[in-house]
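For reference, the structure discussed in these notes is given below.
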Amino acid sequence: MTAELQSAGQHRRRGLRPTQSWSVVTLVTAHRHADAVARRARAAAGVEPVTILKPRDSRAWIDLYLASARAAARLADEAQRWPWVAAVVVRPYRFSDWQRMLQRECPPLPIGRRWYVVPAERGPVRMPRGRCVLRVVPGTGFGTGHHFTTRFCLERIEEVFDRGGMGRTVLDLGTGSGILAIAAARLGARVVAVDNDPMAVAVAQDHVRLNRVSKYVRVELRDVTQWWPRWKPDVICANLYGPLLLSISEALGRTARRGLILSGLREAEADEVVGPLIRLGWREVVRDGDGEWCGVELRRTTPREK
Ligand code: SAM
């Protein structure tokens, strides 16, 4: 591995700042060589590659996020000589103007009865009684509470854990900013949070530290289309998207012991995702939507076997 290459992990230890610039190296290859190129890229760069495939396209794009422009240039130079790499593109990945604007203008946001989402750079806030502060750096990752799908999950987490009886272990699939994992931890859960985007993993880890729940939350780089845990969490939160939820719905239903909080669906997709779960013995207890997006909560109808 080239010594100068800095991985998201190495950078993470120093703390991800919202103004941080990253470089993205994209390697274009054929679909059938994607695994081999990704393996080589991982070994050379020391960071986890993100492979992007598109339906009916024989190409694959392998993205590597590097914290140093110099390291990115070196990797690009090296990769141009690898077999099967048809093109190499290096581009800066910067926080955009709208993200900066969001940072300045994001007011504290009450959600449900429990939550108060506060931009990280605000000083101490006067907090309504009984609420927990969730600190986020706006613009660093999906999950600030401004989107219906996140709000839905936060409200359901509050219900599930405030009432008790639903266990204490959570798997957060597609953690983004880590906000759901942090909220569950705040209510006493132990959480494994996963995302297939290295940037999201870095940001989530920073947020976990910022919110002082590192003892309770582990963040991992995982692609849920290729990975599934061996253990059985009490509750799974998955704010992903409809087709992905549909493709993993059986696995969700067989893995969670007591509760499923699913979001990121279009309203029209909800029945299709819920159907296989009902057949596995789950009961839909809540469905909510904003006219476009939709979330559902399901519980087991009978206590689950170990
Ligand atoms: N959990 C946060 C929330 O509720 O606001 C973020 C949800 S965001 C809609 C979806 C997240 O899922 C993104 O961070 C994305 O990178 C991640 N994701 C998408 N596909 C994934 C996959 N196959 N495996 C793991 N994570 C995935």
Side-chain angles (χ1 to χ4, degrees), residues 8 16 24 34 38 48-55 60-61 63 65 93 99 102 106 109 111-112 115 117 134-158 160 170-186 189 191-208 211 213 217-229 233 235-249 251-252 255 260-266 269 273 288-290 292-297:
L16 183 72
V24 188
E48 195 56 34
V50 179
T51 301
I52 298 157
L53 304 171
K54 295 183 185 168
W61 292 261
D63 282 348
Y65 289 78
Y93 180 95
Q99 285 169 312
L102 215 58
C106 213
L109 182 68
I111 295 178
W115 311 116
V117 183
L134 303 173
R135 292 234 175 222
V136 291
V137 181
T140 51
F142 191 104
T144 54
H146 289 81
H147 198 269
F148 167 82
T149 58
T150 310
R151 279 203 308 278
F152 173 83
C153 293
L154 286 172
E155 285 167 6
R156 300 326 305 162
I157 287 170
E158 167 185 324
V160 162
V170 172
L171 179 63
D172 176 18
L173 300 179
T175 195
S177 67
I179 191 168
L180 305 182
I182 294 163
R186 276 281 155 80
V191 190
V192 172
V194 308
D195 205 290
N196 70 342
D197 175 352
M199 283 289 290
V201 169
V203 168
Q205 276 178 332
D206 269 4
H207 280 140
V208 165
N211 285 275
V213 288
V217 182
R218 202 169 72 228
V219 187
E220 297 177 358
L221 182 67
R222 304 277 190 194
D223 183 332
V224 301
T225 61
Q226 289 161 26
W227 167 88
W228 210 249
V235 176
I236 298 183
C237 290
N239 182 5
L240 292 163
Y241 51 91
L244 180 54
L245 286 170
L246 188 59
S247 73
I248 61 170
S249 71
L252 288 167
T255 306
L260 286 170
I261 298 173
L262 310 180
S263 194
L265 302 154
R266 300 283 173 174
E269 295 165 335
V273 170
D288 195 7
D290 68 352
E292 183 184 8
W293 296 100
C294 175
V296 287
E297 184 196 334

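We use all heavy atoms of the structure for the numbers below, so side chains are in, but hydrogens, waters and symmetry mates are not. Note that ligands are numbered from 1 as they come in the structure, with each ligand's atoms numbered from 1 the same way.
Taking atom 10 (C) of ligand 1 as the reference point, the nearest protein heavy-atom neighbour is N239 O, 3.2 Å. The protein atom (non-hydrogen) at minimum distance from atom 24 (N) of ligand 1 is V224 N, 3.0 Å. When only non-hydrogen protein atoms are considered, atom 23 (N) of ligand 1 lies nearest to D223 OD1, 2.9 Å. Among all non-hydrogen protein atoms, the one lying nearest atom 5 (O) of ligand 1 is T150 OG1, 2.6 Å. Shortest contact from atom 8 (S) of ligand 1 to any protein heavy atom: F142 CD2, 3.4 Å.
When only interatomic distances are considered, the shortest N/O to N/O separation between G174 and ligand 1 falls below 3.5 Å. In terms of polar-atom proximity, T225 is not counted as a contact of ligand 1, lacking any N or O under 3.5 Å from an N or O of the ligand. The shortest N or O to N or O distance between T175 and ligand 1 is under 3.5 Å. Close N/O approach between T149 and ligand 1 is not found [any backbone or side-chain N/O within under 3.5 Å]. Checking only distances, A200 never comes within under 3.5 Å of ligand 1, N or O to N or O.
In this structure, the side chain of H207 does not engage the main chain of I179 through any donor-acceptor pair within 3.5 Å. At distances below 3.5 Å, not a single donor-acceptor pair connects side-chain atoms of R222 with backbone N or O atoms of N196. A donor-acceptor pair under 3.5 Å links the side-chain atoms of D195 to the main chain of G176, judged by distance alone. For N211 (side chain) and L134 (main-chain N/O), no donor-acceptor pair under 3.5 Å exists by modelled atom type.
Atoms of ligand 1 found under 4.0 Å from any heavy atom of L240, numbered from 1 in the order shown, are 12 (O), 18 (N), 27 (C). For ligand 1 and G176, the ligand atoms under 4.0 Å from any heavy atom of the residue are 6 (C), 14 (O). Residue-ligand proximity, D197 to ligand 1, at heavy-atom distances under 4.0 Å covers atoms 16 (O). Close approach of ligand 1 to R222 (heavy-atom distance below 4.0 Å) involves ligand atoms 24 (N), 25 (C). Below 4.0 Å from some heavy atom of G143 lie the following atoms of ligand 1, by number and element: 5 (O).
The OH atom of Y241 sits 14.5 Å away from atom OG of S263, with the distance rounded to the nearest 0.5 Å.
Residues C237 and L180 approach most closely at CB-CD1, 4.4 Å, considering heavy atoms. Heavy atoms only, all atoms of each residue included: I157 and A183 are closest at CG2-C, 4.3 Å. Between F152 and L262, the shortest heavy-atom contact is CE2-O, 3.8 Å. Contact record, W228 with L252: CZ2-N, 3.7 Å, taken as the closest heavy-atom pair.
Ligand 1 is approached by L244 to a heavy-atom distance shorter than 4.0 Å.
Considering only non-hydrogen atoms, atom 14 (O) of ligand 1 lies nearest to D195 out of D195, D172, V136. The heavy atom nearest to atom 26 (N) of ligand 1, considering only I179, N196, V194, is found in N196.
For A181, the side chain to side chain contact (heavy atoms under 4.5 Å, CB included) partners at least two apart in sequence or on another chain are D172, T175, V191, A193, V217.
Around the CZ atom of R218, the shell of radius 6.0 Å holds no more than 12 heavy atoms that belong to other residues, nucleotides or ligands.
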